[in-house]
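Because the structure is predicted, anything quoted here is derived from the model rather than measured. All heavy atoms count here, side chains included; hydrogens, waters and symmetry mates do not.
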Amino acid sequence: MKILFVGDVVGKPGRQILRRALPALVAGRGIDLVIANVENAAGGKGITREVAEAIRDAGVGVMTTGNHVWDKKEAIDYIGLEPRLLRPANFPAGVPGAGCYVARSARHDPVAVINVMGRIFMNPLDNPFHVVRAELEAVRPEARVVVVDFHAEATSEKLAMGWHLDGAVTAVLGTHTHVQTADERVLPNGTAYITDVGMTGPHDSIIGVHTGAALQRFLDGMPAKFETATGDPRLNAVLVTADAATGAARGIERLSLSTADVEAQAAGAGAA
């Protein structure tokens, strides 16, 4: 089984390159399921129904989020209507939505996706290390393949989650920092890991924001209006290969595709 996990989709540039890239990637790589973090997909901050449905219709089977999940208020109502749109499972009881969803791959194998959020330099939520274990126990009868999106700031916390779940899940994939790390590996007991999948969006930016406004805040400390940049859209993702019978990861490949890469793949697919 091949699972494509797409790093934080940022604004219109991220949505556009995602939509353009997916058909050729899915066909050319034999991908069975696409998962994407979409918490910054609407205007660079938050998610709306219109944007979520466009991403879903582009071929994304499960959408994860993080600390920006409620930045667009309509998400509060919509998340209860769309089970494929997740919020971190360690939000307190009573918060709308769910932190886990069992999808079906192209071959109809069940794949559980669990979304949790870190606590270091983040909003204080329930302990993700305990919550993820509870979610895993609940979903284990349904699915052997389990992918965890750990939306967290601190590298140490992400690494700790990888080792915490090694052998218990198929993959622990970090999101949130928008900077792709080069530490992808399969841990000793069969869990694929990367500290951060990266950002699908404009890379001529400061983590997706126009450089001028972001840089000015560092220079003078004054409030500034942040707008989504547009330059150099790239798709950051990882491709996880898993054993559908056991849930163990067999490999993890890091992807960073420019617009030129995506167009070449699309042209190749069209010629074939």
Q: Starting from the C-alpha separation in whole Å, work towards a yes-or-no answer on side-chain contact (heavy atoms from CB on, under 4.5 Å) for Val69 and Ile79.
A: CA-CA 9 Å; Val69 61; Ile79 202 167; 4.2 Å; yes

Under 4.5 Å between side-chain heavy atoms, hopping through other hydrophobics if needed: is there a path connecting [X] to [Y]?
X     : Y     : value
Val38 : Val10 : no
Val6  : Ile31 : yes
Leu22 : Ile35 : no

Can you tell me how far [atom2] of [Y] sits from [atom1] of [X], rounded to the nearest 0.5 angstrom?
X      : Y      : atom1 : atom2 : value
Arg250 : Thr241 : CZ    : OG1   : 10.5 Å
Phe5   : Ile252 : CZ    : CD1   : 10.5 Å
Ser105 : Met1   : OG    : CE    : 4.0 Å
Leu33  : Arg107 : CG    : CZ    : 12.0 Å
Thr200 : Asn37  : OG1   : CG    : 9.5 Å
Glu253 : Leu255 : CD    : CG    : 5.0 Å

Q) Checking side-chain contact (heavy atoms from CB on, under 4.5 Å) for the pair Met63/Ile55: CA distance, chi angles, key distance, verdict? A) CA-CA 9 Å; Met63 296 171 282; Ile55 290 172; 4.1 Å; yes

Q | Glu50 atom CD, over 12 foreign heavy atoms within 6.0 Å | A | no

Q) CG of Asp183: more than 12 outside heavy atoms within 6.0 angstrom? A) yes

Is there side-chain contact between [X] and [Y], with at least one heavy-atom pair below 4.5 Å?
X      : Y      : value
Ile3   : Leu239 : no
Phe150 : Leu165 : no
Glu153 : Ile120 : no
Val102 : Val111 : no
Asp166 : Pro188 : yes
Leu187 : Val172 : no
Met117 : Pro128 : no
Thr211 : Asp204 : no

With a 3.5 Å distance limit and no angle check, can you tell me whether [X] reaches the backbone of [Y] through a side-chain donor-acceptor pair?
X      : Y      : result
Asp261 : Ser258 : yes
Lys72  : Lys45  : yes
Arg87  : Pro96  : yes
Arg133 : His164 : yes
Lys2   : Val240 : no
Asp71  : Gly46  : no
Glu39  : Gly66  : yes
Thr191 : Ala171 : no
Thr259 : Pro233 : yes
Thr170 : Val146 : yes

Q. Given His178, which of Asn40, Ile206, Asp196 fulfils the side-chain contact (heavy atoms from CB on, under 4.5 Å) condition?
A. Asn40

**Q.** Nearest non-hydrogen partners of Leu173 and Val147, listed with the distance
**A.** CD1-CG1, 3.9 Å

Donor-acceptor pair between [X] and [Y] side chains, under 3.5 angstrom:
X      : Y      : answer
His176 : Asp8   : no
Asp220 : Gln216 : yes
Asn123 : Asn67  : no
Asp149 : Thr64  : yes

Q | Short N-O contact, Glu82 and Arg49, less than 4.0 angstrom | A | no

Q.
Would His203 and Asn236 count as a side-chain contact (heavy atoms from CB on, under 4.5 Å) here? Give the steps.
A. CA-CA 10 Å; His203 280 241; Asn236 284 174; 3.4 Å; yes

